[in-house]
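Below is one structure, written out as structure tokens; comments come after it.
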Amino acid sequence: MKKTLVAPSILSTDFAFLGNTLTIINKSAADWLHVDIMDGLFVPNLSFGMPILKAIQQYTSKPVELHLMIVQPERYLETFARFQIQQITVHAEACLHLHRVVQQIKELGCKAGVALNPHTPIDCLEYIIQELDMVCLMSVNPGFGGQRFMLQILDKIRQVKALIKTKKCAALIEVDGGINKTNGGEVVRAGADAVVVGSSIFDSDNPREAIRHLKEL
Ligand code: DX5
Ligand code: ZN
């Protein structure tokens, strides 16, 4: 049976022990590392920038996905791509020229993902989904870890799955926010290929084991 792709989000970890956390993730079954970059404008929070990203790149053996919660992400794409990033995910709401930004990400040699806030309709994907490696559906309002999963996103996952089928394209569906081993099964049954999980992994006594369980969703 196809296993669920699991991307741990390091946002809710203790940054004083970032090296230890990355070692745990390196030894785990995680498929890639989900790194949340926030600018205090697009979302009401700041996370981290280039120095931390540099440290992450030195210690991780997993591919890195950057989830850019920043306005006009095109300003930083080139700089981010220098950190050997596998995928850059930008928010549709943050890009005036989304198609151009997606092309720029691909020209830099990275996979391209587009994230949608919980309230954003999926119409904006119709003419771009064929260009995407991934659609990231936010199941919380972005900006903070540890929030509650929004149940209405289950229907949105089904709608995006149907759109992918209609368009005959290969984009994966990633769902981000409030996912745990209790609600994760429903997320996968609705059509998610990948789950981003922060608190539920890092609040547990055994993050490696938590990741292994999530793979079986
Ligand atoms: C929220 C971030 C998420 C978050 C997920 O804005 O995009 O990636 O860290 O963490 P949990 O699983 O705690 O909701
Ligand atoms: Zn995220």
Side-chain angles (χ1 to χ4, degrees), residues 4-15 18 21-22 24-25 28 30-49 52-53 56 60 62-71 73 76 80 85-94 105 110-120 132-154 156-157 172-188 192-205 207 210-211 213-215 217:
T4 303
L5 299 165
V6 177
S9 159
I10 54 164
L11 188 64
S12 51
T13 63
D14 185 343
F15 290 132
L18 184 57
T21 305
L22 293 175
I24 291 169
I25 298 174
S28 79
D31 294 276
W32 62 83
L33 196 62
H34 180 93
V35 176
D36 292 299
I37 309 273
M38 305 179 184
D39 66 354
L41 278 175
F42 183 70
V43 289
N45 196 7
L46 291 160
S47 56
F48 37 75
I52 298 284
L53 202 50
I56 290 172
T60 188
K62 298 284 181 184
V64 173
E65 174 201 6
L66 290 189
H67 175 193
L68 300 185
M69 284 162 273
I70 66 176
V71 295
Y76 292 105
F80 283 133
I85 299 302
Q86 192 197 44
Q87 178 173 311
I88 299 180
T89 300
V90 294
H91 269 263
E93 305 87 354
I105 294 171
C110 304
K111 290 186 178 181
V114 166
L116 300 185
N117 282 336
H119 77 281
T120 303
L132 301 182
D133 295 289
M134 190 181 281
V135 173
C136 173
L137 296 177
M138 293 306 302
S139 40
V140 296
N141 284 305
F144 303 91
Q147 301 181 79
R148 188 184 292 228
F149 180 84
M150 296 168 76
L151 274 174
Q152 60 267 45
I153 302 305
L154 292 173
K156 201 172 178 183
I157 301 169
L172 296 177
I173 300 177
E174 177 184 68
V175 183
D176 182 5
I179 298 174
N180 53 46
K181 61 177 193 249
T182 311
N183 61 22
E186 263 189 295
V187 174
V188 172
D193 303 288
V195 291
V196 175
V197 184
S199 332
S200 167
I201 290 176
F202 296 107
D203 289 353
S204 84
D205 294 337
I211 293 170
H213 275 122
L214 290 163
K215 292 282 307 166
L217 287 173

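Residue numbers start at 1 and run along the sequence shown. Order of appearance sets the numbers: ligands from 1, and atoms from 1 within every ligand.
Contact analysis leaves Ser200 out of contact with ligand 1, as no non-hydrogen atom separation drops below 4.0 angstrom. At least one heavy atom of Gly178 sits under 4.0 Å from some atom of ligand 1.
Annotation for ligand 1: atoms under 4.0 Å from non-hydrogen atoms of Ser9 are 4 (C), 8 (O), 9 (O). For ligand 1 and Val197, the ligand atoms under 4.0 Å from any heavy atom of the residue are 12 (O). Close approach of ligand 1 to Met69 is summarised as follows: ligand atoms under 4.0 Å from at least one heavy atom of the residue are 6 (O), 7 (O).
Residue Lys62 qualifies as enclosed at atom NZ: its count of foreign heavy atoms under 6.0 Å is above 12. Heavy-atom neighbours of Tyr76 OH from other residues, nucleotides or ligands within 6.0 Å: at or below the threshold of 12.
With Thr89 as the fixed residue, the side chain to side chain donor-acceptor pair (under 3.5 Å) test singles out one of His34, His67, Glu65: Glu65.
Not a single N or O atom of Gly145, backbone or side chain, sits closer than 3.5 Å to an N or O atom of ligand 1. Residue-to-ligand polar distances place His67 within reach of ligand 1: an N/O pair is separated by less than 3.5 Å. At under 3.5 Å, a nitrogen or oxygen of Asp36, whether backbone or side chain, sits near a nitrogen or oxygen of ligand 1.
Nearest to the Zn ion (ligand 2), among the N, O or S atoms that His67 has, is ND1.
If you check which protein heavy atom lies closest to atom 5 (C) of ligand 1, you get Asp176 OD1, 3.6 Å. Of the protein's non-hydrogen atoms, the one nearest atom 13 (O) of ligand 1 is Ser199 OG, 2.3 Å.
Ring orientation note: the planes of Phe15 and Phe48 are nearly perpendicular, at an angle over 60° on the 30°/60° scale.
Between the OD2 atom of Asp176 and the OD1 atom of Asp36, the angle centred on the Zn ion (ligand 2) amounts to 170° when rounded to 10°.
At a cut-off of 2.8 Å, Cys136 does not coordinate the Zn ion (ligand 2) through any N, O or S atom.
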